[in-house]
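Take a look at the structure below.
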Amino acid sequence: MQRIIELMKQRALLLQRAMDEAEERRKNAPPGRLRLSGGHGYCQYYHVVDRDHPTGTYIRNADRSKAVSLEYKEYAEQFLPGARRELKALNRFVSQFEKSNSDLIYHNLTPARQKLVSSFLTTDEEYAQKWQAESYASSSYMPEEKVYQTKRGEMVRSKSELLIADLLYEMEIPYRYEPRVRMKRGNYKYPDFLILNRKTRQTIYWEHLGLMDDPDYLNNNLAKILEYGENGICLGKNLMITFETSEHPLNVRWIRKILSEILG
């Protein structure tokens, strides 16, 4: 909002300067009006002073400044009424919002209070940055398996997770890797990724099933997905699942398309 107020102040200053010039032009112009005549790229100017003589007096090229002055006067007379209304509206808006700027209420809180709450007027980008910066508990299971370093600097377990993490980073999609999620039974699950939809501010859980050829792996993950459903984490709502086999590896282009469609 502060940026909008500053832009309005700049617009008001520009208008005031323009109005001052218009008033000066109108005041210094000769009486009467300008009449134009001609066509085909050729124009003649006439100075009309007397209503009884609507043709007016021809303005020679040597006296062209008179035509300029008369035209400025007519332009100013059309410009000034609207400019006055706009300036009045801008000043009223700025005055009102400087007195009751809702953004300032949060910014005037002490730092200790700001740590406890977020502004109700946080932009989508500010919300995303704060979400990404928040600390979170993540999986500590077999850290030695995390051998691939992403562009963001974290370590992941597989080449496919590396591709996904780097794609999210490239597309500037906020994400968390293996965040801890408490289930209703009191146990914890660790989805591969948790991503944020900036526009809706909703989070989406993402599981990548990279060993679909392995029956035990598949059964364990199906049980995990069923438990997700019991906890309100459902396909088509807030759960995304990708998969691959030895014969059908991860298709990054396909995933990029899905993310673009889901996140807009």
Side-chain angles (χ1 to χ4, degrees), residues 124-125 127-264:
D124 291 343
E125 186 58 36
Y127 182 89
Q129 289 176 1
K130 185 170 183 178
W131 185 89
Q132 187 67 86
E134 288 176 351
S135 61
Y136 63 94
S138 60
S139 174
S140 59
Y141 175 73
M142 300 186 71
E144 67 276 7
E145 290 187 352
K146 298 179 180 181
V147 295
Y148 300 95
Q149 185 173 20
T150 70
K151 291 180 180 178
R152 202 169 74 175
E154 68 218 328
M155 304 303 292
V156 297
R157 301 180 189 276
S158 68
K159 290 183 179 179
S160 294
E161 289 181 343
L162 175 66
L163 290 171
I164 292 172
D166 286 347
L167 179 61
L168 291 170
Y169 183 80
E170 176 191 333
M171 296 179 70
E172 298 183 345
I173 298 171
Y175 74 90
R176 296 174 182 176
Y177 178 66
E178 291 190 343
R180 186 174 70 184
V181 181
R182 184 180 177 88
M183 300 285 104
K184 290 179 180 179
R185 301 173 188 173
N187 60 317
Y188 295 98
K189 294 298 180 183
Y190 299 88
D192 293 324
F193 296 93
L194 181 66
I195 64 176
L196 176 70
N197 185 328
R198 273 188 174 85
K199 294 182 179 179
T200 64
R201 303 190 182 185
Q202 300 300 309
T203 51
I204 300 173
Y205 299 85
W206 185 347
E207 288 286 359
H208 178 68
L209 308 184
L211 299 173
M212 293 287 285
D213 299 305
D214 184 333
D216 291 335
Y217 172 89
L218 185 57
N219 285 329
N220 289 336
N221 277 279
L222 286 176
K224 184 179 183 181
I225 292 167
L226 289 173
E227 187 171 359
Y228 278 156
E230 294 172 359
N231 287 266
I233 303 171
C234 306
L235 277 169
K237 176 186 174 185
N238 56 354
L239 175 62
M240 176 175 170
I241 298 176
T242 52
F243 44 84
E244 63 180 309
T245 67
S246 57
E247 293 186 6
H248 300 282
L250 181 69
N251 188 325
V252 176
R253 183 180 300 177
W254 175 63
I255 292 179
R256 182 191 296 273
K257 182 179 179 181
I258 290 174
L259 289 171
S260 298
E261 291 179 355
I262 291 175
L263 303 180

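Reckoned from all heavy atoms, side chains included, excluding hydrogens, waters and symmetry mates.
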Legend entry - W131 to L194 - nearest heavy-atom pair and separation: CH2-O, 3.5 Å
Inset, instruction - Please answer whether the main-chain N or O of Y217 pairs with a side-chain N or O of N221 as donor and acceptor at a distance below 3.5 Å. - result: yes
Inset, instruction - Look only at the side chain of Q132 and the backbone of Y175, and say whether a donor-acceptor pair between them is shorter than 3.5 Å. - result: yes
Inset, instruction - Test side chain to side chain contact (heavy atoms under 4.5 Å, CB included) on M171 and I255 and set out the steps. - result: CA-CA 11 Å; M171 296 179 70; I255 292 179; over 6 Å; no
Inset, instruction - Decide yes or no for Y205 and K189: does some side-chain heavy atom of the first lie under 4.5 Å from some side-chain heavy atom of the second? - result: no
Inset, instruction - Report the C-alpha distance between H208 and L250 in whole Å, list the side-chain angles of each, state the deciding distance to 0.1 Å, and finish with yes or no for side chain to side chain contact (heavy atoms under 4.5 Å, CB included). - result: CA-CA 9 Å; H208 178 68; L250 181 69; 3.4 Å; yes
Legend entry - Contact check, side chains of P143 and M155, non-hydrogen atoms, under 4.5 Å: no
Legend entry - Full working for side chain to side chain donor-acceptor pair (under 3.5 Å) between E207 and Y228: CA-CA 11 Å; E207 288 286 359; Y228 278 156; 2.6 Å; yes
Legend entry - Trace of the side chain to side chain contact (heavy atoms under 4.5 Å, CB included) decision for R256 with E170: CA-CA 10 Å; R256 182 191 296 273; E170 176 191 333; 3.1 Å; yes
Inset, instruction - Could you tell me whether E134 and R176 have a side-chain N and a carboxylate O separated by less than 4.0 Å? - result: yes
Inset, instruction - Heavy atoms only: give me the nearest R157-M142 pair and the separation to one decimal. - result: NH1-O, 3.1 Å
Inset, instruction - Please report the closest heavy-atom contact between V181 and P191, naming both atoms and the distance. - result: CG2-CD, 3.7 Å
Legend entry - Heavy-atom check, side chain of F193 versus side chain of I173, under 4.5 Å: no
Inset, instruction - Go through E154 and K146 one step at a time and tell me if the salt bridge (charged side-chain N to carboxylate O under 4.0 Å, His left out) criterion holds. - result: CA-CA 9 Å; E154 68 218 328; K146 298 179 180 181; over 6 Å; no
Legend entry - Heavy-atom neighbours of E144 CD exceed 12 at 6.0 Å: yes
Legend entry - Passing candidate, salt bridge (Lys or Arg N to Asp or Glu O under 4.0 Å) with D124, options R201, K199, R198: R201
Legend entry - Flag if over 12 foreign heavy atoms under 6.0 Å of OH, Y169: no
Legend entry - Beyond-backbone contact of H248 with M212, side-chain heavy atoms, under 4.5 angstrom: no
Legend entry - Nearest atoms (heavy-atom pairs only) where L168 meets L259: CD2-CD1, 3.9 Å
Inset, instruction - Side-chain contact test, heavy atoms from C-beta onward, threshold under 4.5 Å: evaluate it for M183 versus I233 and give yes or no. - result: yes
Inset, instruction - To the nearest 0.5 Å, tell me how far L167 CG sits from T150 OG1. - result: 12.5 Å
Legend entry - Heavy-atom closest contact (M240 atom, I204 atom, distance): CB-CG2, 4.1 Å
Inset, instruction - Over all heavy atoms of both residues, which pair between K184 and N231 is shortest? Give the atoms and the distance, please. - result: N-OD1, 2.6 Å
Legend entry - Separation of E244 CD from S158 OG (nearest 0.5 Å): 7.5 Å
Legend entry - Side-chain donor or acceptor of D213 paired with backbone N/O of T245 under 3.5 Å: no
Inset, instruction - Could you tell me whether a side-chain N or O of N197 sits under 3.5 Å from a main-chain N or O of Q202, the two making a donor and an acceptor? - result: no
Inset, instruction - Please examine the side chains of D192 and V156, heavy atoms only from C-beta on, and report whether any two atoms are closer than 4.5 Å. - result: no
Legend entry - Atom pair CD1/CH2 of I164 and W206 - distance to nearest 0.5 Å: 4.5 Å
Legend entry - Test item: Y148 side-chain N/O and S160 main-chain N/O as donor-acceptor pair under 3.5 Å: no
